[in-house]
Each structure stands twice: as C-alpha cells, then as structure tokens.
Amino acid sequence: MTRQMILASTLDELRSARLLLDGKLGFVPTMGYLHEGHLSLARRARTECDSVAASIFVNPTQFGPNEDLSKYPRDLDRDLHLLEEVGVDLVWTPTPEIMYPPGFQTWVEVQEMTRSLEGAMRPGHFRGVTTVVAKLFNAVQPQKAYFGQKDAQQAAVIRQMVRDLNFPIEIIVCPTVREPDGLAMSSRNVYLDPDQRKAATVLFRALSAAKAEYEKGERDAEKLRGKMKEVIAREPLAQMQYVSCADYDTLQELDKVTGKTLLSMAVFIGKTRLIDNFVLEAPPVTS
Ligand code: PAF
C-alpha cells in the first residue's frame with residue numbers, strides 16, 4: 001500500500017508527523033527547486049531506509065549580502081509533486097521565523113575546514129549551512145542524511161560537524177548528477193542564457209583535462225591547477241574565481257598528489273557563480 005506524503009510546516013506538525021514514521025529514517029535536506037541531483041538523493045534514501053523525509057528551506061543565513069537570496073528560484077508545487085513521485089513520506093517546509101525565531105543567537109561553526117575554498121570566497125556561508133543543518137537534524141531526527149558530492153566541501157564540513165557534535169546520523173555522499181554535456185546539475189543553472197549555458201560546460205572540460213593529465217601520470221598539483229586555469233582562460237564567457245587541487249579529507253592545497261584528492265573550482269559565467277569538482281582516487285600502491 002502506498003502511503004500519502006505528509007506535509008508539515010510548523011515544528012509541532014513536523015514532530016507529530018515524525019512519530020508516524022517507522023524504522024530507519026533517511027533525510028534529504030534541500031533548498032528546493034529540485035532537479036535530478038536532489039531526486040537521486042531521495043531515491044537512494046528510499047532504497048536504503050524504511051522512511052524518507054525531505055526539507056525545503058531557502059536558508060537566508062548561508063547567503064552573503066551580495067548573493068542571490070532574493071532571486072533564488074522557487075517552485076514548491078513542482079517540488080512536492082517530484083518528491084511524492086519518488087515516494088518521500090514526509091516533507092517539512094519551515095518558515096524563516098521557525099528556523100530563526102526573534103532573538104536568535106546560537107550558531108554552529110566548523111572552524112579550520114571552512115577557511116579554504118568556498119569558505120574563503122563566501123565568508124559566513126558554512127556557519128549558515130552548519131547551523132541550519134544542525135537544526136534540521138535536531139528536528140527531523142534521521143538515522144541517515146544524504147548530500148551531493150557536487151558540494152564537496154559542504155559534505156566534508158557536515159561530516160566533521162556530525163563527528164564533533166556526536167550526532168547519531170550517518171552521512172551519505174552521493175555522486176554528482178550531470179547533464180549529457182557534463183554540466184553538473186544545480187538549481188542555479190536556470191540563471192544561464194543559451195550562450196552562457198554552452199560556456200558553463202567549461203567547468204567539466206577543465207576538470208576532465210586535469211584528470212586526463214593525472215591519468216597520464218602527472219602528480220604535480222600546481223601543473224594540474226595550471227591545466228584547469230588554461231582551459232577556463234580559453235572560454236570567453238568564463239571568469240575563474242579559484243581552482244584547487246587539495247587533499248580530499250583536510251581540503252589543504254597540495255604540492256604533490258599522493259592520495260585521494262579533490263580537484264575543485266568556482267567559475268563565474270556572467271553573474272552566475274558555478275562550482276564543480278572531481279575526486280581523484282588514491283593511486284594503487286606498487287611494491
Ligand atoms: O545543499 C543545500 O541545498 C543546502 O546547503 C542545505 C544543505 C539544504 C542547507 O541549507
């Protein structure tokens with residue numbers, strides 16, 4: 001028998017609905033305007049858990065003052081329909097007043113790991129992410145939570161927060177879902193006009209070029225960063241913000257690639273800021 005998806009908005013509604021969900025609960029936090037990337041997380045949760053909950057909340061505290069909070073795309077009816085099709089049991093759509101009641105002054109902050117990459121470019125971003133995710137975890141009380149590899153640093157920061165604060169939650173990081181031409185799916189892709197949309201494949205092309213060099217034996221991290229920069233520089237509509245070749249666990253920039261490595265970048269296509277990454281698995285040990 002298929003159960004009807006429950007919609008909760010207030011905390012009381014969420015808590016009453018949570019009591020109805022049996023067994024292991026998988027949770028997919030989102031900011032809505034869902035695409036195949038989000039749905040792949042919900043489908044994975046559906047296969048691994050007894051019940052699945054999702055949240056839709058455009059979290060104001062993770063946007064900087066000059067970022068796209070006010071124009072962030074929203075389509076709640078469509079999102080709910082998509083989540084229902086995947087078989088999600090409960091969707092929570094809290095308001096900003098619920099998440100940040102008047103007088104709010106308690107923040108969750110992961111320190112070292114948020115100083116580089118996205119954290120360096122978007123001051124305060126990860127403080128907003130970890131605070132809202134901690135609050136979502138407290139309210140929803142899942143056993144497993146699902147995040148996309150596309151936001152690689154976010155996933156690493158949340159894993160660190162879960163370890164540091166002893167949340168009894170397993171964090172599952174799922175592969176990036178891509179368009180046929182390689183562009184990583186993102187709610188922000190909707191901002192791109194047709195020419196920018198074509199140019200946006202430059203992130204995938206740059207990452208692929210660096211990975212090809214790695215596969216040919218290149219281990220000098222500066223040369224891999226250089227390869228990515230070279231490809232981005234050839235795309236007239238692209239403006240690089242950073243490229244990185246960093247240790248997968250610590251996110252520290254590398255001189256030499258010896259173990260599991262994260263190639264990542266942020267690139268502006270017009271006014272739209274896109275991020276993407278590839279993971280280079282550790283090379284096999286030869287004796
Ligand atoms: O990845 C996102 O969509 C957001 O950062 C998250 C995890 C839902 C927190 O607002």
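Remember, predicted model here, so these are calculated numbers, not experimental data. Heavy atoms only: backbone and side chains are in, while hydrogens, waters and symmetry mates are out. Counting starts at 1 for both ligands and their atoms, following the listed order.
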Practice item. Determine whether Val129 and Val140 fall in the same hydrophobic cluster, where Ile, Leu, Val, Met, Phe, Trp and Tyr are linked whenever their side-chain heavy atoms lie under 4.5 Å apart. Key: yes
**Study point:** ligand 1 versus Leu136: contacting region, heavy-atom distance under 4.0 Å
**Key:** neither
Exercise for review: Looking only at protein heavy atoms, identify the closest one to atom 3 (O) of ligand 1 and say how far it is in Å.
Suggested key: Met31 CG, 3.6 Å
Study note, to complete from the structure: Nearest heavy atom to atom 10 (O) of ligand 1, choosing from His125, Lys150, Gln62, Gln154, belongs to Gln62
Exercise for review: May I ask you to say whether Glu118 pairs ionically with Arg273, meaning some side-chain N is under 4.0 Å from a carboxylate O?
Suggested key: yes
Practice item. Would you mind listing which atoms of ligand 1 come within a distance below 4.0 Å of any non-hydrogen atom of Val132? Key: 9 (C), 10 (O)
Practice item. State whether Tyr214 and Arg219 meet the cation-pi test: NZ (Lys) or CZ (Arg) under 6.0 Å from the six-membered ring centroid, and within 45° of the perpendicular axis. Key: yes
**Study point:** Between Asn59 and Thr61: side-chain donor-acceptor atoms closer than 3.5 Å
**Key:** yes
